[in-house]
Every structure is written in C-alpha cells, then in structure tokens.
Amino acid sequence: MAKVTFNHGDGSVDVLDVDPGTSLMRAAVTNGVAGIVGECGGQAMCATCHVYVRPEYLEGLPEVSADEDEMLECTAEPRDDPRSRLGCQIQVGPELEEIAVDVPDNQT
C-alpha cells in the first residue's frame, strides 16, 4: 500500500492507504476526498483533479504529457509550475510509495 496525503486549504488533511496502480484522482474520488472531482473519469480531459504536489515529491514523478500540459492550462486555480499536476495522471506504486499534495480551493 502507498500513502497519499491530501492537504486542504482549511488545514484539514486526508491520509489514504492506496493500492499500487491507483491514481491519486481515483483514490480521492473513491474515498470521498473533498475538492477532487474527476469529471472525465481519469482521461486527462477536464482538469477537475488538479493538485499541487509538495516539492519533496516532484523528483519521482513521470514527465507531464502533452495532454496533461494542455489541461493544466484550464485549471480553475492558477497553475504552479512545476507543482501543478492532474491527479489522474499520477499513479502510486513501487516507484511512488508516498506522496503529499495540496488540493486547490476550486476545481470548476
């Protein structure tokens, strides 16, 4: 199991144990994490799973794809390079056993 921490602007925190191969978006939606919508179901087509990855976890992430980069231009809250990512494009697993993200105040 991987540990995923979702930090909210009001100071609340959701910490989840997540099965390998699960995206941050799917973990959040399945567990009712506030602020992660995932309207497109994980297809990198809506930007409603936008998160800000905490700096200490950036190095272990895959590169931003062209589709993800395009959708990050459509986020409700300002993009923060390199911290802004789509939660649907980050999967936990052996290469990423722990991650912490900040959830934007708005997704739509």
Side-chain angles (χ1 to χ4, degrees):
M1 297 289 250
K3 178 182 170 186
V4 181
T5 303
F6 294 92
N7 298 283
H8 302 277
D10 66 0
S12 64
V13 177
D14 291 297
V15 179
L16 306 177
D17 289 323
V18 180
D19 289 327
T22 304
S23 72
L24 301 187
M25 182 278 298
R26 181 63 52 210
V29 170
T30 300
N31 290 281
V33 173
I36 303 293
V37 180
E39 281 181 2
C40 73
Q43 303 301 310
M45 299 296 292
C46 71
T48 61
C49 63
H50 177 219
V51 294
Y52 299 112
V53 177
R54 294 266 170 117
E56 60 268 31
Y57 298 100
L58 290 171
E59 190 173 304
L61 298 181
E63 293 289 321
V64 174
S65 69
D67 289 341
E68 182 180 7
D69 188 54
E70 183 177 339
M71 284 297 97
L72 287 169
E73 294 300 324
C74 303
T75 58
E77 293 289 329
R79 183 174 181 167
D80 179 8
D81 286 327
R83 294 185 61 221
S84 284
R85 295 297 301 263
L86 297 182
C88 67
Q89 299 301 296
I90 300 174
Q91 291 186 351
V92 296
E95 304 83 29
L96 186 64
E97 294 180 339
E98 182 176 346
I99 189 168
V101 299
D102 297 314
V103 178
D105 291 331
N106 297 299
Q107 292 285 7
T108 55

Novice: Looking at CD of Glu56 and CD of Glu98, how far apart are the two atoms once the value is rounded to the nearest 0.5 Å?
Specialist: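 Glu56 CD to Glu98 CD: 9.0 Å, rounded to 0.5 Å.
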
Novice: So Leu86 and Met25, do their side chains get closer than 4.5 Å, heavy atoms only?
Specialist: no

Novice: Search all heavy atoms of Ile36 against all heavy atoms of Cys49 and return the closest pair with its distance.
Specialist: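 The answer is CG2-CB, 4.0 Å.
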
Novice: Could you tell me if the side chain of Asp102 sits less than 4.5 Å from the side chain of Arg83, heavy atoms only?
Specialist: yes

Novice: Starting from Val53, can I reach Phe6 by hopping between I/L/V/M/F/W/Y residues whose side chains sit under 4.5 Å apart?
Specialist: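 Linked, Phe6 and Val53 end up in one cluster.
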
Novice: Mind checking the CD-CD spacing from Gln91 to Gln89? Nearest 0.5 Å is all I need.
Specialist: 8.5 Å

Novice: For Glu70, is the CD atom crowded, meaning more than 12 foreign heavy atoms sit under 6.0 Å from it?
Specialist: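 At most 12 heavy atoms, drawn from other residues, nucleotides or ligands, come within 6.0 Å of this atom.
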
Novice: If you look at every heavy atom in Ser84 and Tyr52, which pair is closest and at what distance?
Specialist: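 Looking at all heavy atoms of both residues, the shortest contact is OG-CE2, 3.2 Å.
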
Novice: Can you name the closest pair of heavy atoms from Leu96 and Leu61 and give their distance?
Specialist: CD2-CD2, 3.9 Å

Novice: What's the spacing between Arg85 CZ and Leu72 CG if we round to 0.5 Å?
Specialist: 7.5 Å

Novice: SG of Cys88 to CE of Met71: how many Å apart, nearest 0.5 Å?
Specialist: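 Nearest 0.5 Å value for the SG-CE distance: 10.0 Å.
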
Novice: Identify, with sequence neighbours excluded, every residue that meets ring pair (Phe, Tyr, Trp, His ring centres under 6.0 Å) alongside Tyr57.
Specialist: none

Novice: Is the backbone N or O of His50 less than 3.5 Å from a side-chain atom of Gln107, with the two atoms forming a donor-acceptor pair by type?
Specialist: yes

Novice: Do Met1 and Leu16 land in one hydrophobic cluster if side-chain heavy atoms of ILVMFWY residues count as linked below 4.5 Å?
Specialist: no

Novice: Quick one: does any side-chain atom of Thr48 pair with a main-chain N or O of Glu39 as donor and acceptor, under 3.5 Å?
Specialist: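 Yes; at least one donor-acceptor contact below 3.5 Å.
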
Novice: Are Val29 and Val103 connected in a single hydrophobic cluster, I mean Ile/Leu/Val/Met/Phe/Trp/Tyr linked by side-chain heavy atoms less than 4.5 Å apart?
Specialist: yes

Novice: Would the distance check show the side chain of Arg26 and the main-chain N or O of Gly38 forming a donor-acceptor pair, the cut-off being under 3.5 Å?
Specialist: no

Novice: Do other residues, nucleotides or ligands put more than 12 heavy atoms under 6.0 Å from Glu63 CD?
Specialist: no

Novice: How close do Ala47 and Thr75 get, counting heavy atoms only, and between which atoms?
Specialist: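 Shortest heavy-atom contact: CB-CG2, 4.1 Å.
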
Novice: Between Ser65 and Asp67, do the side chains contain a donor N or O and an acceptor N or O under 3.5 Å apart?
Specialist: no

Novice: Calculate, to the nearest 0.5 Å, the distance between atoms OG1 and CG belonging to Thr22 and Asp17 respectively.
Specialist: 11.5 Å

Novice: Do the side chain of Asn31 and the main chain of Val33 share a donor and acceptor less than 3.5 angstrom apart?
Specialist: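 Not at all, since once roles are kept as given, no pair shorter than 3.5 Å links the two residues.
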
Novice: For the pair Asn7 (side chain) and Val101 (backbone), establish whether a donor and an acceptor sit closer than 3.5 Å, ignoring hydrogens and angles.
Specialist: yes

